[in-house]
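Notes to accompany the following structure.
Sequence lines set the chain letters: A, B, ... in the order given, protein chains first and strands last, and positions in each chain run from 1.
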Protein chains: 2
Amino acid sequence: MTKEQEFTHKSLPCQQCPLRKREVFRDFEGDELEFVGRFKKGDLAVKKGATVLVEGAHNPHLYTVLSGWGFRYKLLEDGRRQIVNYVMPGDLVGLQGSLMGEMKHSVEALSQMSLCVFEKAELFSLYKKFPELAYDITWIASREECMLDDHLLTVGRRTALEKVAYLLVFILDRARQSGLSRNGTLALTQQHVADTLGISLVHTNKTIARLASRNHLKWEDGGCKILNQEALAELAGWTPGSGVKRPFL
Amino acid sequence: MTKEQEFTHKSLPCQQCPLRKREVFRDFEGDELEFVGRFKKGDLAVKKGATVLVEGAHNPHLYTVLSGWGFRYKLLEDGRRQIVNYVMPGDLVGLQGSLMGEMKHSVEALSQMSLCVFEKAELFSLYKKFPELAYDITWIASREECMLDDHLLTVGRRTALEKVAYLLVFILDRARQSGLSRNGTLALTQQHVADTLGISLVHTNKTIARLASRNHLKWEDGGCKILNQEALAELAGWTPGSGVKRPFL
DNA sequence: CGGGGCTTTGATGTTCATCAATGTCTGTGG
DNA sequence: CCACAGACATTGATGAACATCAAAGCCCCG
């Protein structure tokens with residue numbers, strides 16, 4: 001069996017971080033950059049399908065996604081799974097566990113991923129020395145809250161057709177922003193869609209088929225190709241975000 | 001028509017804040033207390049049923065609930081409503097709007113409420129001067145995220161019976177912690193329950209009737225009386241929180 | 001006494017879950 | 001090269017869960 005996670009001692013310095021070049025992200029000041037550089041302890045490479053973090057664990061680390069993507073989820077005792085959100089480049093992973101001690105959800109990789117590793121014990125010194133960064137972290141937590149509010153609205157009150165449309169547009173938009181998908185293709189299974197939206201796999205499949213018959217999308221070899229994003233957005237009542245640059249660590 | 005909101009210039013100084021006495025909350029240090037006292041600009045009294053904050057607004061304030069309770073919700077264009085969480089004494093309200101500019105949800109009072117009013121323009125100076133308090137705010141945001149993750153699991157993957165059981169135990173536990181309900185009674189309508197759980201009012205009613213027939217609860221004059229919290233918790237797969245003291249502002 | 005908010009109930013139909021089977025593709029070992 | 005298993009997608013049949021519609025009851029308040 002091959003290793004599913006591999007830690008390396010800071011192979012990529014923050015000065016060369018590819019995220020800093022991306023339009024959506026707020027770039028760093030000199031001394032902030034230098035501090036984050038020291039705050040970062042290394043890189044973690046994770047294989048597709050591997051578990052990054054597990055519910056109930058007391059992990060001494062905190063991460064920023066550098067490349068690839070995954071999802072956060074929770075389980076009921078009998079195995080029912082709810083995907084709670086997706087994590088993409090620039091997203092902070094494990095903050096909740098850092099603050100509250102124990103992870104309340106798990107994270108699994110949907111593709112090969114790499115993550116920056118931070119020491120959660122040093123988080124408070126960041127708060128003391130760089131209030132701007134502390135503010136950024138709260139901003140990031142707040143953005144997560146917004147997304148969760150939206151998901152609740154979707155899962156609770158939208159129809160299956162609206163749900164699928166919403167989810168795919170939501171993911172595609174985020175993926176584009178963080179530089180993941182440039183051809184409108186998303187590599188996830190219908191089971192992931194079902195577990196995000198709170199509907200069964202079979203019903204998900206039939207709902208996707210309805211959207212495909214309208215030529216809004218096409219499902220092909222383990223992924224989804226969005227053909228008409230506007231139509232899906234219209235169906236879902238989805239509106240694009242503000243376009244303001246956002247912080248990251 | 002009577003006024004639904006009334007602002008008074010700091011009628012209650014933080015030194016006498018009733019929340020500081022409660023077991024669940026972490027108490028303040030001297031200079032922190034003094035700073036928060038200056039950060040607080042006044043008190044807001046809100047009538048039952050009134051809107052505290054409205055989606056889309058740019059509110060210059062940030063609040064902490066002092067007494068009473070309410071709920072956060074979002075609407076779809078056609079009027080479908082999703083209640084996203086409840087707010088109770090000690091909870092921070094409006095943080096998301098403070099950080100991201102525009103409120104992404106509304107808040108309505110379920111009872112007479114009073115709130116501490118803070119100036120969001122001064123939030124960053126709090127981050128600069130009191131990193132401990134900044135850390136606390138992030139902690140609070142993170143706790144909200146946890147609750148939302150749980151709600152998603154409930155709305156997405158639990159059955160109607162489990163949903164109702166979960167919600168009522170969840171609310172009762174929080175209410176007890178923040179000193180709202182001491183006799184196991186919750187003053188909310190079945191419409192609120194329905195809009196929280198993503199099910200219809202009629203089905204909610206019939207599900208509540210099932211729980212009532214098992215003597216787990218009783219619905220009486222516009223409220224719910226929980227008779228057997230353990231049975232509901234068991235049904236819902238609910239487990240009590242850690243019991244660690246939590247911060248507030 | 002009438003009206004409005006909330007709850008309750010029954011009837012009916014749709015959405016969705018569940019079950020079961022089949023198809024396709026991919027990788028693996030003989 | 002073929003046989004095989006495993007992951008994922010697809011399809012049809014059936015029933016349960018849930019939504020919707022409609023009406024009636026209760027209670028408080030003006």
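Two residues, A:Lys206 and A:Gly223, neighbour DNA chain D, and the one matched to the more 5' nucleotide by heavy-atom proximity is A:Gly223.
Within a heavy-atom distance below 4.0 Å of DNA chain D, no residue of residues 183-193 of chain B is found. Within residues 68-87 of chain A, no residue approaches DNA chain C, by heavy-atom distance under 4.0 Å.
Nucleotide D:dA9 holds its P atom 13 Å from the CG atom of A:Leu217, rounded to whole Å. Separating the CG atom of B:Leu201 from the P atom of D:dC21 is a distance of 13 Å, rounded to the nearest angstrom. Protein atom CZ of B:Arg210 is 14 Å distant from nucleotide atom P of C:dT9, rounded to whole Å. Regarding A:Arg157, its CZ atom lies at a distance of 13 Å from the P atom of D:dC18, rounded to whole Å. Nucleotide D:dC8 holds its C1' atom 12 Å from the CD1 atom of A:Ile208, rounded to whole Å. One can place CG of A:Asp195 at 14 Å from C1' of C:dA17, the figure rounded to the nearest angstrom. Rounded to whole Å, atom C1' of D:dC29 lies 15 Å from atom CG of B:Asp221. When the P atom of C:dT26 is taken as reference, atom NZ of A:Lys48 falls 13 Å away, rounded to whole Å.
Atom-to-atom distance recorded for A:Gln82:CD and A:Lys74:NZ is 10.5 Å, nearest 0.5 angstrom.
Distance from the side chain of B:Trp219 is smallest to C:dT7 among C:dT9, C:dT7, D:dC18.
Taking the charged nitrogens against the carboxylate oxygens, B:Arg174 and B:Asp91 do have a contact shorter than 4.0 Å, which makes a salt bridge.
Classification of the B:Tyr166-B:Phe170 ring pair by plane angle, with boundaries at 30° and 60°, yields parallel.
Under a cut-off of 6.0 angstrom, the local environment of CD in B:Glu220 is crowded, with over 12 non-hydrogen atoms contributed by other residues, nucleotides or ligands. Within a 6.0 Å radius of CD in A:Glu102, more than 12 heavy atoms belonging to other residues, nucleotides or ligands are found. Heavy-atom contacts from other residues, nucleotides or ligands closer than 6.0 Å to CD of B:Gln191 number more than 12.
Among the protein residues, A:Ala160 comes within range of the sugar-phosphate backbone only, with heavy atoms under 4.0 Å from sugar or phosphate atoms but none that close to a base. Looking at heavy-atom distances under 4.0 Å, A:Gly198 makes contact with sugar-phosphate atoms alone, never a base. As judged by a 4.0 angstrom heavy-atom cut-off over every strand, A:Ile199 is placed among residues touching the sugar-phosphate backbone only.
Aromatic rings from B:Tyr86 and B:His192 are positioned such that their centres are separated by 6.0 Å or more.
A side-chain donor-acceptor contact under 3.5 Å links B:Gln229 and B:Arg176.
Between A:Asn205 and the phosphate of D:dA9, there is no side-chain N or O to OP1/OP2 separation shorter than 4.0 Å.
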Pair B:Met113-B:Val87, side-chain contact (heavy atoms from CB on, under 4.5 Å): steps then yes or no
CA-CA 10 Å; B:Met113 286 180 84; B:Val87 296; 4.1 Å; yes

